[in-house]
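One structure below.
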Protein chains: 2
Amino acid sequence: MRSPNDSPTSSSGDNALIRKLERFSALACGDRLALDDLARTCEWVPPDRSIVTEGDASGAVLPLLEGLAYRHKDFRDGRRQIISLLVPGDMCGGHGRLSRPTNYGVRTLTRCKIARISRQGFVHLLDSHPAIAEALNEAALVEEAVLRTWIVNLGQRHAHERMAHLLCEWAQRMADCGRLLAHGGFELPLTQQGLGAALGLTSVHVNRVLQRLRAENLVAFQNGTVRIFDFDRLRAVADFDPAYLSARVLREASPALPMD
Amino acid sequence: MRSPNDSPTSSSGDNALIRKLERFSALACGDRLALDDLARTCEWVPPDRSIVTEGDASGAVLPLLEGLAYRHKDFRDGRRQIISLLVPGDMCGGHGRLSRPTNYGVRTLTRCKIARISRQGFVHLLDSHPAIAEALNEAALVEEAVLRTWIVNLGQRHAHERMAHLLCEWAQRMADCGRLLAHGGFELPLTQQGLGAALGLTSVHVNRVLQRLRAENLVAFQNGTVRIFDFDRLRAVADFDPAYLSARVLREASPALPMD
DNA sequence: CGGTTGATTGAGGCTGCTCAAAAGGTGTGG
DNA sequence: CCACACCTTTTGAGCAGCCTCAATCAACCG
């Protein structure tokens, strides 16, 4: 028996990292134990704190075990871009064998539980648990797909389409990690300024776009909580196809390919 | 002795994939031989041809050995986003152990030499050559950094800054793979419409932006060739920091991290 | 030589930005 | 409990960066 509230430093049986990696690769018991071990050297960070600062070269590997966070890049003149949103199971820093100074920062949105592993320990983990290495690898490829989708979003879509797409993607990801609220809504703990930084828009325009989506009875955003009223129509506006997020996967090799 | 022009199917001693991977990991002789082997089952593709179409699930792994190409996403209504530019050594398709249908297409810019490996063969390559697996991994992380930078570019920069950044990045990458021309310029075989598709701009505006950069004596673009007149000033306009492209690397683990 | 593709230029319009101010909300201290 | 500060949201007015549409020009090619 375990109490339902996981106390800060206990390794809960419900490890987000394990849950995520199991979407990509069958983990043996030993793999799971190793991952649970990480949760022993973890810390809680309050909301709106910097976890990684641009140029950070500490080399630590920082899996996000609980809470929400984001990667961002700040400019001297105040411009700011949110590069990706992080859910439990994602990595805050680089996840390769080699350590490289980051060209981005990471901040918490909510209170976060973060493990801290030395690069050395991480490399050892990969070497002694190939299944973990493989799963992390595949996870990185999905992350890449998300980045590509953001590029398309920023490059080609209008403000309201962009917003719709962000909300669709976030809805899917939050559902995937079991974070839907009772009424089917979900957290998105950003201010309108924050949404602007994610979408390449000003907060003023974000406000107007949200009003429009609300007026069209598609979605409401209030106090960091989103409720989607008509997912199908929102998806149509966003031209959202969730395939890139899924870990669905085909294990095979095959023959021809169209070379038109 | 080997003739200087590499004929289509001969494995040239100068394999772009090897050159690239060696930036990330020390390859043993056997690793290099295995990579050279790939060049035996390769094909030449003419310019402006589709290599991978969206939704492709063939599962083939397609390293680009020679030539230039790009990843892109097309919309039904004609909008089009170029997601990344590919140089020799890059992968055209997915490069994981698992095969997933692509949500993008790949087209050639110039004539391209492309190896074709079954997913099965690729997995076997990774399993039997850990150094290759590691190098591919690190390469994927650099690619991720490029995607992040494009997001920042599209989200926050004005048209002329975006253009400047693209040109700086491309200059660096072309230099890194030994593709600078005699006068220090380099190929960028895109039409102005193509540049627009990469930058989220219309070709009309691309044209005006290029005129402005030319008028400011920063750079000239003609016939798919770029000449940069004042790299320092261009870099300042673009706010370009090449660090994210480099394979420069620190092998260590280390202690503290700012937790402001 | 006509046909096609890409570059260039112009005019006008819309999306999204800037600047500014007011309105709500929340926490703090008196 | 009110006053105050601070932050976020909301609204308005005006502007501009970039787009749309359209036409011309240049280069290439069968």
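Numbers restart at 1 for each chain; the letters A, B, ... are given by sequence-line order, proteins then strands. Quick caveat: nothing in here was measured; it's all calculated off a predicted structure.
Regarding B:Gln222, its CD atom lies at a distance of 14 Å from the P atom of D:dA26, rounded to whole Å. Whole-Å rounding puts the B:Gln192 CD to C:dT8 C1' distance at 8 Å. In this structure, A:Leu210 places its CG atom 12 Å from P of D:dT11, rounding to the nearest Å. Following rounding to the nearest Å, B:Arg79 (CZ) and C:dT15 (P) show an atom-to-atom distance of 13 Å. The distance between atom CZ of B:Arg214 and atom C1' of C:dT8, rounded to the nearest whole Å, is 16 Å. Rounded to an integer number of Å, the gap from CG of B:Asn223 to C1' of D:dC28 is 11 Å.
Side-chain contact of B:Glu169 with B:Trp150: a donor-acceptor pair under 3.5 Å is present, judged by distance alone. Side-chain contact annotation: A:Asn223 with A:Thr225, donor-acceptor N/O pair under 3.5 Å absent. Checking A:Ser84 against A:Arg71 by side-chain atom types alone, a donor-acceptor pair falls below 3.5 Å.
Distances shorter than 4.0 Å separate some side-chain N or O of A:Gln211 from OP1 or OP2 on D:dT11. Not one side-chain nitrogen or oxygen of B:Gln193 sits closer than 4.0 Å to the OP1 or OP2 atom of C:dG6. Look at A:Asn207 and you'll find a side-chain N or O under 4.0 angstrom from OP1 or OP2 of D:dT10.
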Name the pairs: protein N/O against N/O of nucleotides 18-24 of chain D, kept only if under 3.5 Å.
unit_1, atom_1, unit_2, atom_2, d
D:dC18, OP1, B:Ala159, N, 3.0
D:dC18, OP2, B:His205, NE2, 3.2
D:dC18, O5', B:His205, NE2, 3.4
D:dC19, OP1, B:Thr202, N, 3.2
D:dC19, OP2, B:Thr202, N, 3.2
D:dC19, OP2, B:Thr202, OG1, 2.9

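In summary, B:Glu144 and A:Arg148 do not engage in a salt bridge, as defined by a charged side-chain N under 4.0 Å from a carboxylate O. Contact check on A:Arg173 versus A:Asp90 returns a salt bridge, with a Lys/Arg side-chain nitrogen under 4.0 Å from an Asp/Glu carboxylate oxygen. Using a cutoff of 4.0 Å between basic side-chain nitrogens and carboxylate oxygens, B:Asp74 and B:Arg79 are not scored as salt-bridged. Of the charged side-chain nitrogens involved, at least one lies within less than 4.0 Å of a carboxylate oxygen, so that A:Glu187 and A:Arg179 count as a salt-bridged pair. A salt bridge links B:Asp239 with B:Arg157: the distance from a Lys NZ or Arg NE/NH1/NH2 to an Asp or Glu carboxylate oxygen falls below 4.0 Å.
Interface residues of residues 148-155 of chain B facing DNA chain C, ordered by number: none; criterion, heavy-atom separation under 4.0 Å.
Two residues are said to be in side-chain contact when any heavy atoms from C-beta on lie closer than 4.5 Å; B:Thr202 and B:Gln193 fail this criterion.
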